[in-house]
Protein chains: 2
Amino acid sequence: MENKFHSLRQHFEELYSLTDEEWDFIEPHFHFKTLKKHQFLIQAGQAVNFEYWIINGLVKAYHIDDKGKEHILQFAMEKYWVSDHCAFQHQEPGTIFVDCLEDSEFFYLSLEDREKICLAVPAVANFFRVKSNHGYINLQKRVLSLLTMTAEDRYQYLVTKLPALIQRVPKKLIASYLGVSRETLSRFNS
Amino acid sequence: MENKFHSLRQHFEELYSLTDEEWDFIEPHFHFKTLKKHQFLIQAGQAVNFEYWIINGLVKAYHIDDKGKEHILQFAMEKYWVSDHCAFQHQEPGTIFVDCLEDSEFFYLSLEDREKICLAVPAVANFFRVKSNHGYINLQKRVLSLLTMTAEDRYQYLVTKLPALIQRVPKKLIASYLGVSRETLSRFNS
DNA sequence: ATAAAAATGTGATTTAGATCACTTTTAGCT
DNA sequence: AGCTAAAAGTGATCTAAATCACATTTTTAT
């Protein structure tokens with residue numbers, strides 16, 4: 001029977017390979033958690049002690065503004081990392097909610113343990129370096145899309161780029177992610 | 001007389017300290033370049049062979065859309081890293097222009113050399129890991145500001161957050177960075 | 001199976017901000 | 001200092017998208 005951490009090790013090794021000794025050191029720093037649809041992984045106002053890797057499921061990370069309106073920062077699914085990165089990194093109260101759109105399973109890691117394994121195993125430092133860099137590049141694209149494209153173009157682009165997400169997620173959440181009202185999005189034809 | 005790389009070493013050591021041996025290995029991978037105001041560091045359509053660290057000066061990184069309109073992704077000044085990160089990372093033709101708003105000096109590094117020093121010196125991997133992470137966090141804030149705030153609020157926020165930038169840069173570029181027309185920005189009172 | 005709750009669709013109206021057109025001010029250059 | 005070009009201000013008009021209001025459809029829970 002296969003170790004449940006297998007998929008996580010594989011994920012790390014997609015970028016930098018690890019020896020069995022290195023993995024045996026890394027693995028115990030991760031813990032397992034499972035949540036059902038609608039349950040919260042992270043809540044604004046509270047400490048954010050972990051960053052999470054999604055084994056399977058789907059979550060949304062979002063901010064709620066002063067008018068109570070929800071703005072989606074990220075949809076995260078299988079093999080994605082998710083947290084309130086700012087609060088986690090600076091160990092301060094969060095401003096982001098993360099909750100499950102589907103039943104989900106996670107591995108999670110504390111900041112202290114992340115630093116520990118990054119310093120002990122250079123391949124892990126390099127892994128997170130490259131992952132962060134990819135995240136940065138993707139966010140730059142999102143900023144550009146918000147600056148240059150119309151709401152409808154952003155929607156059409158998302159439909160071609162992540163067609164599966166459109167199926168898995170209510171349109172009003174897609175609207176919130178794109179920065180459009182759900183009424184306006186409903187008038188676009190897909 | 002002080003080594004011109006001193007500021008760069010100091011910049012690395014703000015996050016993880018280095019031995020003299022490590023620095024002696026790292027330093028020769030960086031090269032020096034100087035440009036005058038209005039000169040290009042990077043041009044869309046061309047290969048992006050380097051990432052740049054700004055010793056002093058100020059540049060803008062921007063995309064030009066199909067209507068010829070300029071959208072500013074980043075202002076980068078002393079101690080900032082700048083490149084067309086996507087094109088650099090994937091070694092493909094760029095889509096971003098970077099040019100100087102002031103005479104500027106840079107150290108630059110190739111992708112190959114970056115990988116080389118990251119693998120040889122774990123502190124460098126950790127340095128770029130943390131830097132990328134900070135960049136990611138800042139971009140998340142920018143995305144949120146575009147989703148949640150009005151144009152005027154974004155402007156007022158920038159004025160309080162980076163008052164020096166407002167002085168150093170024409171308002172029409174600030175407008176482009178914020179995703180507002182220069183006419184609309186001109187009607188905000190500062 | 002049925003009730004309640006979400007999600008979606010659609011018309012009518014409003015609005016933040018874009019665009020256009022032109023003037024005034026400021027900064028660079030020889 | 002004087003000339004040129006870029007930057008900034010301002011009125012008038014237009015428009016993409018928000019908001020409001022309500023109907024319809026689809027999910028979810030019991």
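Each chain gets a letter, A, B and so on, in the order its sequence line appears, and its residues count up from 1. Only a predicted model underlies this, so the values are computations on that prediction, with no experimental measurement involved.
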In the 5' to 3' direction, the nucleotides of DNA chain D bounding the stretch that comes under 4.0 Å of a heavy atom in chain A are D:dA17 to D:dT28
With the side chain counted from C-beta on, respond yes when B:Trp53 and B:Ser83 share a heavy-atom pair under 4.5 Å apart, and no when they do not. no
Under 4.0 Å, heavy atoms only, any strand: does B:Lys37 hit a base, just the sugar-phosphate, or nothing? sugar-phosphate
Distance-only criterion, 3.5 Å: show the donor-acceptor pairs between side-chain atoms of residues 33-40 of chain A and protein atoms not counting sequence neighbours.
{"unit_1": "A:Thr34", "atom_1": "OG1", "unit_2": "A:Ser104", "atom_2": "O", "d": "3.4"}
{"unit_1": "A:Gln39", "atom_1": "OE1", "unit_2": "A:Lys36", "atom_2": "N", "d": "2.6"}

Considering residues at least two apart in sequence or located in another chain, which fulfil the side-chain contact (heavy atoms from CB on, under 4.5 Å) criterion with A:His29? A:Phe25, A:Leu109, A:Asp113, A:Lys116, A:Ile117
For B:Gly179 and for B:His38, locate the closest nucleotide of DNA chain C by heavy-atom distance; then report the residue assigned to the nucleotide nearer the 5' terminus. B:Gly179
Could you check how far [atom1] of [X] sits from [atom2] of [N], rounded to whole Å?
X        : N      : atom1 : atom2 : value
A:Phe188 : C:dT10 : CZ    : P     : 14 Å
A:Leu185 : C:dT10 : CG    : P     : 13 Å
B:Lys36  : C:dG28 : NZ    : P     : 15 Å
B:Arg154 : C:dA16 : CZ    : P     : 14 Å
B:Asp65  : C:dA18 : CG    : C1'   : 14 Å

Quick one: are the ring centres of B:His71 and B:Tyr62 less than 6.0 Å apart? no
Check for me whether A:Arg142 meets the cation-pi criterion with A:Tyr177, that is, NZ or CZ under 6.0 Å from the six-membered ring centre and within 45 degrees of the ring axis. yes
Other than B:Met149, which residues form its hydrophobic cluster under the rule that side-chain heavy atoms must be closer than 4.5 Å? B:Tyr157
Contact summary for A:Val98 and A:Ala61, nearest pair of heavy atoms: CG2-CB, 3.9 Å
For residues 119-138 of chain B, which side-chain N or O atoms pair as donor and acceptor with protein atoms under 3.5 Å away, sequence neighbours left out?
{"unit_1": "B:Asn126", "atom_1": "OD1", "unit_2": "B:Arg129", "atom_2": "NE", "d": "3.0"}
{"unit_1": "B:Asn126", "atom_1": "OD1", "unit_2": "B:Arg129", "atom_2": "NH2", "d": "2.9"}
{"unit_1": "B:Asn126", "atom_1": "ND2", "unit_2": "B:Pro122", "atom_2": "O", "d": "3.1"}
{"unit_1": "B:Arg129", "atom_1": "NH1", "unit_2": "A:Glu115", "atom_2": "OE2", "d": "3.3"}
{"unit_1": "B:Arg129", "atom_1": "NH2", "unit_2": "A:Glu115", "atom_2": "OE1", "d": "3.2"}
{"unit_1": "B:Arg129", "atom_1": "NH2", "unit_2": "A:Glu115", "atom_2": "OE2", "d": "3.3"}
{"unit_1": "B:Arg129", "atom_1": "NH2", "unit_2": "B:Tyr16", "atom_2": "OH", "d": "3.0"}
{"unit_1": "B:Ser132", "atom_1": "OG", "unit_2": "B:Phe128", "atom_2": "O", "d": "3.4"}
{"unit_1": "B:Tyr136", "atom_1": "OH", "unit_2": "B:Gln140", "atom_2": "NE2", "d": "3.3"}
{"unit_1": "B:Asn138", "atom_1": "ND2", "unit_2": "B:His134", "atom_2": "O", "d": "3.4"}

Should A:Lys171 be listed as having a side-chain N or O under 4.0 Å from OP1 or OP2 of C:dA7? no
Shorter than 3.5 Å, N or O on both sides, protein versus nucleotides 19-24 of chain C: list them out with atom names.
{"unit_1": "C:dT19", "atom_1": "O4", "unit_2": "B:Arg187", "atom_2": "NH2", "d": "3.4"}
{"unit_1": "C:dC20", "atom_1": "N4", "unit_2": "B:Glu183", "atom_2": "OE2", "d": "3.4"}

What do you reckon, is CD of A:Glu112 surrounded by more than 12 foreign heavy atoms closer than 6.0 Å? no
